[in-house]
Structure formats: structure tokens, C-alpha cells
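For reference, the structure discussed in these notes is given below.
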Amino acid sequence: MIPFSPPRMDQLIIDEVVDTLKSGWITTGPKTKKFEKMLTAYGGHQSTLCVSSASAGLELMLRWFGVKEGDEVILPAYTYSATANVVVHCGATPVFVDINDDFNISVDAIKKAITSRTKVIMPVDIAGYPCDYDEINELVKQNEYKNLFNANSEEQKKLGRILILSDAAHSIGGIYKDKKVGNLTDITVYSFHAVKNLTTAEGGAICLNLPEPFDNESIYKYLNMKSLHGQNKDALAKTQIGNWKYDIVEAGYKCNMTDIQAAMGLVEIQRYDEDMIVKRKHIFKLYSSLLSEFAWVQLPEFENDEKKSSYHVFLLRIKNITESERDAIIAEIFKSEVAVNVHFVPLPLMSFYKNLGYKIEDYPKSYYHFSREISLPVYYDLSDENINTVVDAIKKAVKIVKAW
Ligand SMILES: *Cc1c(COP(=O)(O)O)cnc(C)c1O
């Protein structure tokens, strides 16, 4: 069986994890702090806080901004549930909008969805392909929308406009106009979950890049505390002589990253561009060239003059098929011992959101692209021979289902 996306695990990672285990320091400590510094240097943003997951990071930032009941957060209908669930956790309302042909959030749809209750826009770089960030960043600075903005918290007053909190769970390493994802919006959150490009088993990072008059370093310190029960000294600081006394300054959360996780990340980030990205790009290019000869194939957009993907998921679409034909093709592909997937089932189709009253009919593009989409295996150890096997399996499956 060709799996879908097993993590890359080699001796370097194993050695670094074992080193951590033997060091006597396994929770948040020196390796997490080092990983944060490397991520800041990598992304080119101002400061980085590592957390236990992207979900926790997104929620922490919504709460930092004071998002609560009665507020609205705009996000694409086409994403993983985490993007919307964290909004629900805060008591706010997720406002779904439709997407472009590249699977990313539509800026025109965002414009139509902004109201006086909108506090945050959460663009998602689907499959690793950066959204239209110039347009999105420009939009929230327009007087029309600034005047509409209702600032309720201190942070909201300070920013004076809608916050852009980008869900970059897929897109660490993605590039937009020569800048890396992390450095493109106010706040960007990476995921290091096991299936993501760069993994720490579970984990995430908040990239802080807030404009003046915010001081990203002091926000880092505040968030560090907020992610540790609101305790004003972390475990490492408390080990210093005579430093046992601490205070709780707010009822914070518990979503810190451990040094065991950071150990994996430290190895990966140092070879990420030269190794992981190069490998994944090769896989994307080979799939594209092998599949381009078929008239029924719609290839994904993953690079142009302005944007470069992080090559996270290869989103193949088959032309002129229905959802059930797509499902039948997937079943046939599995018979050839190849694991494929679908990214994503649009949120309005999920029971929880359906029951809240969201209707898929309001997001025709999301449904249209979802119904024809098949995600192909992409992972570090995938060989050219494997890629040929995947393409053969697709070819065979489409022939059986569609008899073209
Ligand atoms: C994986 C994923 C997340 C959540 O990441 P975790 O680190 O597992 O919390 C959020 N958004 C998208 C689009 C994802 O694919």
C-alpha cells in the first residue's frame, strides 16, 4: 500500500529526541526557545511562540484580541474544521465565504461578508498555496471598513481595524512576492501536526507580526504566560536559585510545546528549504507532468510569478464528474493499493455546522471543487516509482468509473 502522508522520521530526529529525553528537561525549555528563534529567523516575522497545536494557537490569538459572543469571524467554507471550531469556542460566529478556483478564500466574497460585527478574517493557505494577501491586507485598511469596525477590547482599539489571523497550517515555507508565510499578515499560525510538512508529532507556532504601536516582544511574553495558566514564571525560570515564587495574573490556558516536540522541529527546520521543500516540489512537478496528458485532468495551481506553494497537498480535480463518481474513483484507486484523500469536505456539509443552519447551496464553488477533488500522496519518502504507480491507479480508476 502506498500510504497518504507518513511523517519523515530518520536517525537525526531520533537522536535529537533521545538527547532531549536524556537531558533531564522534557517540557518547555531550551529546545523550545531555540526552535522559536529559528522559526522567527525562517519566517522573517517579529516573534514566535510555540504552542501545543495550531488549533490552540488560533484560539489563543482570538482570545488575545478579545473575540467573544456577538462578534463575527470571516473564514473560508473550504477548510479543516479547526479554523471554524476555535471561533465557536470563543462564543463568536464563524461567517463562511466561498472560494476561488485555486481553493483559497475569495476576496470579493470577504468584502460582501464584512459587517460592523466583523473582528477577524482568517484566510487559509489551502494545500500550502498563499492567499491573495495584498488584497486582503489592503481591504481592512480601507476607510470604509475601518469606519465600520467596532473596537471593544484594548487590542481592538489599538489596531483600529479587522485583524488578519492567517491559518497557515499547510503553508510554512510558502512564498508570496518574495516574502515567506509568517511575514505576510498581522498574525500567522503554523501547524506541526503529524501529517503536516514539518512535524513535531503535535504542535504549532504563532508568528507575531503586528504593526506599530504593538510591541511584538512584549506580546510574546504575555502570550507565553497566557499559554501557561497565566503563571508569571515558567518551569524553567522557577528552577533558578531563589526563584520559586510565582503569581497567577489571569486564568490562562495550558497549551505550551514540550522540548521533546521542539527537538523534532529543530532538526526539520534546519533542512526544510533545501530538503523537504525541494523534495515536495519535485513530487508536485512529476505528478503534473505525468497527469497533464489526460483531457479529464484539472491540475492544481501551485506556483506562479508571485506565489510559491509549500507543496503540502496535491489537489487533483477530475473534470465533469459528480460527487458520487469521485467517490467511486477513490474506491477504485484504493483497490490498486494507493491511499488517497479529500481536502476538504466543506464545513457547511458537516453535521454540526449544518445543524447551525449553514447551507452548502450558499457556497457553490466550494461544493463544485470538493465534489471533483482527490488528494494524492505527497511525503518525503515517496519515490518516482511510487508516483508512477499512483498515476496508473488513477488512470485505471477513471477508466472503470467513466469509461472514457
Ligand atoms: C491541520 C489543520 C489545522 C489544525 O492544526 P492542529 O495543529 O492539528 O491543531 C488547522 N487548519 C487547517 C487548515 C489544518 O489543515
Side-chain angles (χ1 to χ4, degrees), residues 45-76 79 82-97 105 110 113-124 131 133 136-137 139-142 145-169 182-191 204-230 249-255:
H45 47 277
Q46 298 298 309
S47 189
T48 312
L49 179 76
C50 283
V51 284
S52 56
S53 69
S55 306
L58 292 167
E59 183 167 338
L60 198 70
M61 295 323 295
L62 290 175
R63 296 203 185 261
W64 166 81
F65 199 54
V67 172
K68 57 175 177 23
E69 207 182 323
D71 293 338
E72 294 175 351
V73 176
I74 297 174
L75 60 118
T79 180
T83 324
N85 287 357
V86 294
V87 176
V88 174
H89 296 174
C90 295
T93 306
V95 175
F96 300 154
V97 300
I105 193 164
I110 293 176
I114 294 176
T115 72
S116 58
R117 292 163 179 259
T118 308
K119 291 291 184 291
V120 181
I121 298 170
M122 293 170 80
V124 186
C131 295
Y133 284 115
I136 295 170
N137 288 329
L139 193 67
V140 294
K141 287 178 193 149
Q142 286 173 13
Y145 298 114
K146 277 180 95 167
N147 293 339
L148 207 56
F149 185 71
N150 246 317
N152 294 324
S153 71
E154 211 171 291
E155 285 70 25
Q156 291 170 16
K157 283 182 192 130
K158 215 165 170 180
L159 189 64
R161 59 162 170 82
I162 297 168
L163 175 79
I164 309 296
L165 170 59
S166 100
D167 177 342
N183 190 9
L184 299 173
T185 62
D186 300 322
I187 301 164
T188 304
V189 177
Y190 301 144
S191 171
I206 301 165
C207 309
L208 297 171
N209 205 33
L210 288 152
E212 301 263 337
F214 288 100
D215 173 10
N216 289 284
E217 252 341 286
S218 57
I219 296 169
Y220 167 87
K221 285 191 187 119
Y222 173 71
L223 294 171
N224 193 35
M225 184 194 69
K226 200 176 181 71
S227 67
L228 268 167
H229 283 301
V249 296
E250 68 172 55
Y253 300 90
K254 186 61 166 59
C255 55

With sequence neighbours excluded, residues passing side-chain contact (heavy atoms from CB on, under 4.5 Å) with [X]:
| X | answer |
| --- | --- |
| A54 | V189, S191 |
| S47 | L208, N216, E217, Y220 |
| S55 | S53, A82, V86 |
| C131 | N104, I105, P123, D125, Y133, I136 |

How long is the straight-line distance from [atom2] of [Y] back to [atom1] of [X], given to the nearest 0.5 Å?
| X | Y | atom1 | atom2 | result |
| --- | --- | --- | --- | --- |
| I187 | L223 | CD1 | CG | 8.0 Å |
| I206 | N224 | CD1 | CG | 10.0 Å |
| K141 | I164 | NZ | CD1 | 9.0 Å |
| K119 | D71 | NZ | CG | 4.0 Å |
| C255 | L60 | SG | CG | 5.0 Å |

Discussion item. Check this for me, if you would: do K226 and E250 make a salt bridge, where the nitrogen-to-carboxylate-oxygen distance has to be below 4.0 angstrom?
Written reply: yes
Does the side chain of [Y] come within less than 4.5 Å of [X]'s, by heavy atoms?
| X | Y | result |
| --- | --- | --- |
| I121 | V73 | no |
| L159 | P211 | yes |
| I74 | M122 | no |
| S116 | F149 | no |

Worksheet item: So, W64 versus F214, ring centres under 6.0 angstrom or not?
Response: yes
Worksheet item: Donor-acceptor pair, T118 side chain versus T115 backbone, under 3.5 Å?
Response: yes
Fill in: Sole residue of L165, L163, T188 in side chain to side chain contact (heavy atoms under 4.5 Å, CB included) with M61
L165
Worksheet item: Which residue pairs pass the side chain to side chain donor-acceptor pair (under 3.5 Å) test when at least one of the two sits in residues 146-165, sequence neighbours left out?
Response: R161-D186
Practice prompt. Enumerate the residue pairs fulfilling salt bridge (Lys or Arg N to Asp or Glu O under 4.0 Å) with a member in residues 58-70, sequence neighbours excluded, ordered by first and then second residue.
Written response: E59-R63
Discussion item. Before you tell me yes or no, could you show the steps for V87 and L75 under side chain to side chain contact (heavy atoms under 4.5 Å, CB included), namely the whole-Å CA-CA distance, both residues' side-chain angles and the distance that decides it to 0.1 Å?
Written reply: CA-CA 10 Å; V87 176; L75 60 118; 4.0 Å; yes
Discussion item. Minimum heavy-atom separation for C90 and L62, please, with both atom names.
Written reply: SG-CB, 3.8 Å
Worksheet item: Which heavy atom of S166 sits nearest a heavy atom of L58, and at what distance?
Response: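 Looks like O-CD2, 4.4 Å.
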Item to complete: Determine, step by step, whether I114 and Y145 satisfy the side chain to side chain contact (heavy atoms under 4.5 Å, CB included) criterion, reporting the C-alpha distance in whole Å, the side-chain angles of both residues, the deciding distance to 0.1 Å, and the verdict.
Response: CA-CA 8 Å; I114 294 176; Y145 298 114; 3.6 Å; yes
Discussion item. Go through it in stages, so that I can follow the logic: the residues are N209 and T185, the test is side chain to side chain contact (heavy atoms under 4.5 Å, CB included), and I'd like the CA-CA distance, side-chain angles, deciding distance and then a yes or no.
Written reply: CA-CA 7 Å; N209 205 33; T185 62; over 6 Å; no
